[in-house]
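Read through the structure below, which is laid out as structure tokens, and then see the notes.
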2 protein chains.
Amino acid sequence: MDVRVYLSWEWTGWTLYIPPGGDGRLRALPVREGMVEMATQAGAAAKPRAPLSKERVLSAAIALADEGGVDALSMRKIAQMLGVVPMALYKHVANKNELLDGMIDAVVGEIDPPAGDTDWKTAIRRRVLSARRMLLRHPWACEVVESRIKARAMPTPAVMEYLDSMIGIFRAGGFSIDLVHHAMHVMGSRLLGFSQELFEDTSDREPDPDAMAPQEMAARYPHVTELAMAVAHSQESVVGSGCDDQFEFEFALDLTLDGLERLRGTT
Amino acid sequence: MDVRVYLSWEWTGWTLYIPPGGDGRLRALPVREGMVEMATQAGAAAKPRAPLSKERVLSAAIALADEGGVDALSMRKIAQMLGVVPMALYKHVANKNELLDGMIDAVVGEIDPPAGDTDWKTAIRRRVLSARRMLLRHPWACEVVESRIKARAMPTPAVMEYLDSMIGIFRAGGFSIDLVHHAMHVMGSRLLGFSQELFEDTSDREPDPDAMAPQEMAARYPHVTELAMAVAHSQESVVGSGCDDQFEFEFALDLTLDGLERLRGTT
DNA sequence: ACCTGAACACCGTTCAAGT
DNA sequence: ACCTGAACACCGTTCAAGT
């Protein structure tokens, strides 16, 4: 059998053909939706695939990163998740960096819009805490944003919009343009809810077989040990152990905002 | 020629042999220093190779990262730099993570020791500014430390020592253990000189062909534009453009230290 | 006992060929 | 015009074989 039927997509939206060395079945290639196999015998149903789009690619990527972190994210795995060949993704994102930028844009877009009817301090505080809630949903976002900044990439539109409205809140609150500039530097990535820890909580981890013995720990790092014991003790009444990240974040945020308020008064 | 001479390393420190299909030259394998080729004819000098060590591996890795960033760092490139096969590195570091930890340890060790004869605020301030100078020499250190924290790795000994002495300075300055705990969270990775920017200076970059037109920029992001113009203007008298990173870092550091000092007074 | 080449299981991306 | 398989140039690491 050597029949081939080509119909131009411009007229029909489909290309129909019978592959040369195949099983002789008629296949149809819709213009926008990838290949669909159609049975030539009557009654056999077509099994169409959801069309790929930038949104589908991004949400698959975000789901993958939410689950396994940014290390588990690869073009090949995203493609596999979508039941598609890796190269198909490159129709919708130019490369992996553009994919990362798209992911950042999507999650920064989840941050609540600014509340219009409060003072600057409350407005900033609420917004930053909303950003932090977003970041807890998407723990990978922190390092992705940082890596993109380090690569000296232009901030994505959603980040630009976020920063613009934050600057606007400071300005409306009576901050001089110079002080707003300093304020943005002081708040830094905390604006996006980053908590910038130097320690991670280790209490929920498997006991490390070659970890240091407690008495050696106390001898080498007496002040760290004192602090760790105090934190552990103060948390004994509360459920779990380790310190309250949310409290520490708000403590640092408020210390910063209070400092800025004081500066505004004297400038 | 089918002569092979094997001498046990336990007695001589060397293994001598003539490879079967080779040029017939006698070779010597020293126990600790890798293979050295020795000429059999008199007068020809041996050409020994500097023995590999953890220090040599680490300094090659640091040099590579200083030059091309952490993305340019790979086990294979380090090996190439040292004139060695990649697998030879695994004698001195168990894997890449241990290599990264070793690199962190080495550069954190470059931070000046604490000054003993000043008040807590000056001592912390000097030390943090020394950490920042280290970080400017090794810009990759920031992201490597962060990635290791995110991987929930135990801080390396040099980092532990650094944190311990910082806590000690606060304690000696009259801070309660609880307030020290909060202070460490407030200062976060700024303790290591991280500046935590959300913007990178873009003034020295090639003009992006598909960048936004200035008027569109001003329309979409009015507050960002106002701030950018103000910064550019205030810097016109000074050499170069963009803002003074060092000033902004110290501004944020001092605002934080002042806030902590005030809290110490009332707690 | 030490060292190392080849191999394995990945990765992002290019490119020519298929339809 | 769209899609895709094979290939390229990497990567960290395992492992059996060489000496």
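To find a chain, count down the sequence lines: A is the first, B the second, and so on, and within it residues start at 1.
The side-chain heavy atoms of B/Met75 and B/Leu99, taken from C-beta on, include a pair separated by under 4.5 Å. Residues B/His138 and B/Met103 have side chains not in contact (no heavy-atom distance under 4.5 Å, counting atoms from C-beta outward).
Remark: C1' of D/dT4 and NZ of A/Lys91 are 11 Å apart, rounded to the nearest angstrom. Whole-Å rounding puts the A/Leu82 CG to D/dT4 C1' distance at 16 Å. When rounded to the nearest whole Å, the span between NE2 of A/His92 and C1' of D/dT4 equals 14 Å.
B/Ile104 CD1 to B/Ser147 OG: the interatomic distance, rounded to the nearest 0.5 Å, is 6.5 Å.
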**Message:** Walk me through whether A/Cys142 and B/Glu146 qualify under side chain to side chain contact (heavy atoms under 4.5 Å, CB included).
**Reply:** CA-CA 10 Å; A/Cys142 183; B/Glu146 269 161 1; over 6 Å; no
**Request:** Go through B/Thr156 and B/Arg148 one step at a time and tell me if the side-chain hydrogen bond (donor to acceptor under 3.5 Å, both in side chains) criterion holds.
**Result:** CA-CA 10 Å; B/Thr156 62; B/Arg148 295 300 291 148; over 6 Å; no
**Asked** After noting the C-alpha distance and the side-chain angles of A/Asp245 and A/Cys243, does the key distance pass the side chain to side chain contact (heavy atoms under 4.5 Å, CB included) rule?
**Response** CA-CA 6 Å; A/Asp245 287 340; A/Cys243 68; 4.0 Å; yes
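Judged as a salt bridge (Lys or Arg N to Asp or Glu O under 4.0 Å), and not counting sequence neighbours, the contacts of A/Arg133 are A/Asp112.
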Protein N or O to nucleotides 10-13 of chain C N or O, pairs below 3.5 Å:
from, atom 1, to, atom 2, distance (Å)
C/dC11, OP1, A/Ser74, OG, 2.9
C/dG12, OP1, A/Met75, N, 3.1
C/dG12, OP1, A/Lys96, NZ, 3.0
C/dG12, OP2, A/Met75, N, 3.0
C/dG12, N7, A/Arg76, NH1, 2.2
C/dG12, O6, A/Arg76, NH1, 3.1
C/dG12, O6, A/Arg76, NH2, 3.4
C/dT13, OP2, A/Tyr90, OH, 2.8
C/dT13, OP2, A/Lys96, N, 3.0

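Looking at DNA chain D, the stems built from 3 or more consecutive Watson-Crick or G-U wobble pairs, each pair with its key distances under 3.5 Å, are C:4-8 with D:12-16, C:12-16 with D:4-8.
Between A/Ser189 and A/Gln196, the side chains place a donor N or O and an acceptor N or O closer than 3.5 Å (distance only, hydrogens not considered).
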